[in-house]
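Report on the following structure.
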Amino acid sequence: MAYTAADCVRARKDFPALDRPGPGPALCYLDGPGGSQVPRAVIDAIADVYTLCNVNTHGQFGPSQEVDRRMDAARGAVAALLGAADGHCISFGQNMTTLNFSLSAAIGRGLRPGDEVVITELDHEANRGPWLRLAGSGVVVREVRLLPNGLLDYGDLQDKITPRTRVLALGMASNAIGTVNDIALARRLTRAVGALLVVDAVHYAPHLPLDVQALEVDFLLCSAYKFYGPHVGILYSAPGALDGLATDRLSTQDPAAPFRIETGTLNHAAIWGVHAAIEYFAGFGSGVALRDRLLAAMRDISAYERGLARFYHDAVRELPGARVYGPDFSGGARAPTVSITQARRTAAQAAAALAAQNICVWDGNFYAARAVEVLGAAECGGLLRTGVSLYTTEDELRRLLTALADM
Ligand SMILES: Cc1ncc(COP(=O)(O)O)c(C=O)c1O
């Protein structure tokens, strides 16, 4: 069963923000890579926690046990989304960046001067900065080159992985230009030298199916506000991977996974919202098990998003003075995110002109600063990025194309 334009029109009614009253034409949210809108079910789930069980976990009384039950269910739902064995592999945090700082610090405590960590030029700063910080304690940080075509230089990756490599921190999909990276190759290379593989799937998770067990990653991070949920960071740890790490934690804290890296009291209401977002997404698929429904929904929505992104990609590159970055849609996996520069205006000027027409797109480097620099787009003010979400329509993309053509 495909996800069609008619399904999209129906789904849009689930997102109150898409109906936001205000002056001018309807708001057109094409900034999903920056953060997606949330369906009513997520808003209701958050309110539900504040209404029914706004208490701390692990108490003896009913509402506390209710919030325990919801936290367990949320971990289970995320496990189903990622293909993890169970909820014990799922830790929550403030956002991906904060979790990755905690993870890199914990791993870093076990490294010695001269040990090597490999990062890439393509990655979001959230999967570079936390690892670059380890250089201060004598760890050697190597960067895999980004090629002008927007793909990683896999020859360079092979060269940079050495017997001293302890960690490869790699993005799964670029939030700036949509490139999808070869995680299977990364796993083979890291496995051969006994290094950990840490994957940033923040931009991948909303668009393409994940199977952490098939990928055999040690750690994978994502962020629920990119897949129609609230602002919650998620860390997947392979069974046992978290156990030996010297995480920042209190002596009173449960040292077992998944709690070992979770400091303080979590945002229970938002985490229950993550559960609702996953259930909402699964509602587009059929099957009995949550994982099956999620995979079916992901397959269909992914094809819809790719079709729209390809339509926009192929049309925008025909505009005079426009240059499109990253791989095109003729090959394999690619996120539905398309970035351009224009000859006669900066991305910020274009984004401001579009904003005046209620078209929301992002400009700049989106924290993928090194990638934008390597691609030569930093001096001209960065990229103008368009993201396709499950609620994006072809009409919205046509509106964007017309506005760009009229500028
Ligand atoms: C690819 C990628 N990685 C990491 C992050 C950081 O995520 P968070 O905002 O949850 O820290 C983002 C945010 O835009 C992203 O797009």
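Indexing begins at 1, ligand by ligand and atom by atom, following the structure's order. Not measured: the values here are computed from a predicted model. Just so you know, residue 1 is the first one in the sequence shown, and it goes up from there.
For atom 16 (O) of ligand 1, the nearest protein heavy atom (residue, atom name, distance) is Asn175 CB, 3.2 Å. Atom 15 (C) of ligand 1 has His124 CD2, 3.2 Å as its closest protein atom, hydrogens excluded (heavy atom only). For atom 1 (C) of ligand 1, the nearest protein heavy atom (residue, atom name, distance) is Asp200 OD2, 3.5 Å.
Donor-acceptor pairing under 3.5 Å is lacking for the side chains of Asp182 and Tyr154. Using modelled atom types, one finds a donor on one side chain and an acceptor on the other under 3.5 Å when comparing His203 with Thr337. Using modelled atom types and a 3.5 Å distance limit, the side chains of Thr247 and Arg249 yield a donor-acceptor pair.
Under a cut-off of 6.0 angstrom, the local environment of CD in Gln94 is sparse, with at most 12 non-hydrogen atoms contributed by other residues, nucleotides or ligands.
The shortest separation from a heavy atom of Lys226 to ligand 1 is under 4.0 Å, placing the residue in contact. Remark: distances from the non-hydrogen atoms of Asn127 to ligand 1 are all 4.0 Å or more.
In terms of modelled atom types and a separation under 3.5 Å, the side chain of Glu121 and the main chain of Val374 share no donor-acceptor contact.
The backbone and the side chain of Thr97 each have at least one atom closer than 4.0 Å to an atom of ligand 1 (non-hydrogen atoms only). By the criterion of a heavy-atom distance under 4.0 Å, both the backbone and the side chain of Met96 are placed next to ligand 1.
The shortest N/O to N/O separation between Tyr225 and ligand 1 falls below 3.5 Å.
Atoms of ligand 1 found under 4.0 Å from any heavy atom of Ala126, numbered from 1 in the order shown, are 4 (C), 6 (C). Contact atoms of ligand 1 toward Asn95: 8 (P), 10 (O), 11 (O) (distance under 4.0 Å to a heavy atom of the residue). Numbered from 1 in the order shown, with element, the atoms of ligand 1 that lie under 4.0 Å from a heavy atom of Ser223 read 8 (P), 10 (O).
Here Arg345 does not pair with Asp363 in a salt bridge; the nearest charged N to carboxylate O distance is not below 4.0 Å.
Across Thr97, Asn100, Asp200, a single residue satisfies side-chain hydrogen bond (donor to acceptor under 3.5 Å, both in side chains) together with Asn127, and that is Asn100.
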Item to complete: Before giving the answer on side chain to side chain contact (heavy atoms under 4.5 Å, CB included), spell out for Leu390 and Phe284 the whole-Å C-alpha distance, their side-chain angles and the decisive distance to 0.1 Å.
Response: CA-CA 10 Å; Leu390 71 81; Phe284 293 100; 4.2 Å; yes
